[in-house]
K.L.:
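Pasting a structure below so you can have a look.
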Amino acid sequence: MLQGGFTAVMESRSREEFRDEVLRFTHRLEFDYFSAMLVVDHTLGRSQFITIDNTPQGYRDAYQSQPSQQLDPVMQHCKRQSIPIIWDQDTYTTLQRGQIWEEQARYGYRTGIAMALHMPEGKHFMLGMDRDMALPDDPDALTRVVADLQLFAVHAQDAAVRLLLPAEAPKVAPRLTPRETEALKWTMAGKTAWEVGQLLSISERTVVMHLQNAMHKLDATNKHQAVIKAMGMGLI
């Protein structure tokens with residue numbers, strides 16, 4: 001029964017199907033709520049968060065309005081580790097975060113299991129399932145639940161990346177002037193701006209200007225990155 005859920009979520013064809021399959025699996029594991037979050041880290045410390053869940057609106061409003069959500073021990077665990085965390089009231093009170101637990105417990109978030117998968121290129125997939133009643137006392141039963149969640153998360157991750165991230169438009173190579181191209185080629189050969197100026201019979205300042213223009217067109221932070229990007233695009 002659970003195996004079918006693994007396949008179904010991986011084959012989801014839309015965000016709606018993905019949400020339905022995660023919710024269906026959540027209920028099969030006897031949890032009430034789920035949160036599936038795709039995080040993409042961008043430059044300058046900026047991150048993009050895309051969340052699919054069945055969180056009650058009242059809890060969503062209350063939780064998001066709390067500055068203390070940044071101190072949530074479950075979220076902090078998932079940011080740093082890939083192993084699942086089994087949490088309950090003690091998880092919060094031990095770290096003097098009991099007020100956070102009390103607020104979410106009002107909406108049925110008393111215990112749960114959460115985990116994160118950290119992928120290349122700054123992508124992360126977090127999956128949590130929560131409920132109002134306690135988790136199984138039997139260690140073997142609890143181990144099976146955690147194992148099912150882990151395996152499901154691996155399958156859901158692929159679908160999340162495919163369905164939740166906007167398709168990247170193909171990058172169009174910028175148009176470099178002949179001087180900009182020459183400046184990059186000589187820079188690739190290890191020449192300084194002064195040496196390039198001597199070779200091209202132009203001033204060092206003019207060489208720097210051409211390199212800066214090329215950097216801007218290539219969205220590069222320095223001339224060496226500009227050279228690498230230009231090479232990758234077949235411009236030099």
Side-chain angles (χ1 to χ4, degrees), residues 10-16 18 35-53 64-65 67 69-72 75-83 115-127 153-236:
M10 189 169 57
E11 296 177 350
S12 298
R13 295 168 295 179
S14 67
R15 292 170 67 109
E16 291 73 22
F18 177 77
S35 177
M37 178 187 297
L38 188 64
V39 183
V40 182
D41 298 329
H42 298 288
T43 56
L44 303 178
R46 183 174 61 88
S47 296
Q48 176 184 9
F49 298 86
I50 307 169
T51 304
I52 300 291
D53 58 34
Q64 290 182 347
S65 67
Q69 68 172 302
Q70 299 297 328
L71 301 176
D72 187 308
M75 290 297 296
Q76 294 304 313
H77 172 93
C78 289
K79 285 181 180 179
R80 300 186 181 95
Q81 302 189 44
S82 295
I83 59 174
M115 63 171 296
L117 297 169
H118 303 287
M119 299 167 276
E121 300 179 351
K123 295 184 179 69
H124 316 271
F125 179 67
M126 300 183 187
L127 179 64
V154 172
H155 288 76
Q157 165 197 300
D158 291 337
V161 172
R162 174 170 52 85
L163 297 171
L164 305 184
L165 280 182
E168 295 185 0
K171 294 183 178 179
V172 179
R175 297 174 66 90
L176 299 179
T177 67
R179 282 299 198 202
E180 291 164 359
T181 302
E182 288 178 315
L184 287 174
K185 285 181 177 179
W186 285 115
T187 299
M188 180 176 61
K191 303 297 183 182
T192 65
W194 182 86
E195 291 172 326
V196 175
Q198 295 298 305
L199 290 166
L200 300 180
S201 300
I202 56 179
S203 69
E204 180 180 1
R205 178 176 296 182
T206 302
V207 173
V208 171
M209 179 192 70
H210 290 314
L211 288 173
Q212 289 177 337
N213 288 341
M215 288 163 51
H216 176 74
K217 291 178 180 179
L218 293 163
D219 192 25
T221 57
N222 56 55
K223 63 182 182 181
H224 301 295
Q225 186 183 35
V227 168
I228 293 173
K229 286 193 171 186
M231 291 174 60
M233 296 179 181
L235 299 174
I236 57 175

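Note that the numbering runs from 1 along the sequence shown for the chain. Values in this document were obtained by computation on a predicted structure and should not be read as measured data.
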K.L.:
From Leu127 CG over to Gln157 CD, what is the distance, rounded to the nearest 0.5 angstrom?
P.N.:
11.0 Å
K.L.:
Would you say Leu176 and Met233 make side-chain contact, with heavy atoms under 4.5 Å?
P.N.:
no
K.L.:
Which residues satisfy the salt bridge (charged side-chain N to carboxylate O under 4.0 Å, His left out) test with Lys217, sequence neighbours excluded?
P.N.:
Glu180
K.L.:
Distance check, rounded to the nearest 0.5 Å: Leu218 atom CG versus Leu184 atom CG?
P.N.:
6.5 Å
K.L.:
What distance do Ser47 atom OG and Lys123 atom NZ have between them, rounded to the nearest 0.5 Å?
P.N.:
12.5 Å
K.L.:
What pair of heavy atoms forms the shortest contact from Ile202 to Thr206, and how long is it?
P.N.:
CD1-CG2, 4.1 Å
K.L.:
Is any side-chain heavy atom of Arg179 closer than 4.5 Å to a side-chain heavy atom of Asn213?
P.N.:
no
K.L.:
Atom CD1 in Ile228, atom CE in Met188: separation rounded to 0.5 Å?
P.N.:
11.5 Å
K.L.:
Go through the steps to decide whether Leu38 and Met119 satisfy the test side chain to side chain contact (heavy atoms under 4.5 Å, CB included), and finish with yes or no.
P.N.:
CA-CA 11 Å; Leu38 188 64; Met119 299 167 276; 4.0 Å; yes
K.L.:
Examine distances only and state if a side-chain atom of Arg162 and a backbone atom of Ser12 form a donor-acceptor pair shorter than 3.5 Å.
P.N.:
yes
K.L.:
Heavy atoms only: give me the nearest Asp219-Lys229 pair and the separation to one decimal.
P.N.:
O-NZ, 2.8 Å
K.L.:
Side-chain contact, heavy-atom cut-off 4.5 Å: Gln76 with Leu71?
P.N.:
no
K.L.:
Verify, without hydrogens or angle tests, whether His118 (side chain) and Cys78 (backbone) share a donor-acceptor contact under 3.5 angstrom.
P.N.:
yes
K.L.:
Would you compute the distance between atom CG of Leu199 and atom NZ of Lys191 and round it to the nearest 0.5 angstrom?
P.N.:
6.0 Å
K.L.:
Looking at side-chain heavy atoms only, is the closest gap between Gln225 and Met215 below 4.5 Å?
P.N.:
no
K.L.:
Any side-chain heavy atom of Val207 sitting closer than 4.5 Å to one from Glu204?
P.N.:
no
K.L.:
Go through Leu235 and Thr181 one step at a time and tell me if the side chain to side chain contact (heavy atoms under 4.5 Å, CB included) criterion holds.
P.N.:
CA-CA 7 Å; Leu235 299 174; Thr181 302; 5.9 Å; no
K.L.:
Side chain to side chain contact (heavy atoms under 4.5 Å, CB included) for Glu182 and His210? Distances and angles first, verdict last.
P.N.:
CA-CA 9 Å; Glu182 288 178 315; His210 290 314; over 6 Å; no
K.L.:
Can you name the nearest heavy-atom pair linking Phe125 to Ala153, along with the distance?
P.N.:
CE2-O, 3.7 Å
K.L.:
Look at the side chain of His77 and the backbone N and O of Ile83, then say whether any donor-acceptor pair between them is shorter than 3.5 Å.
P.N.:
yes
K.L.:
Would Leu200 and Trp186 satisfy side chain to side chain contact (heavy atoms under 4.5 Å, CB included), going step by step from the backbone distance to the final call?
P.N.:
CA-CA 10 Å; Leu200 300 180; Trp186 285 115; 4.0 Å; yes
K.L.:
About how many Å separate CD1 of Ile236 and CE of Met231, when rounded to the nearest 0.5 Å?
P.N.:
6.0 Å
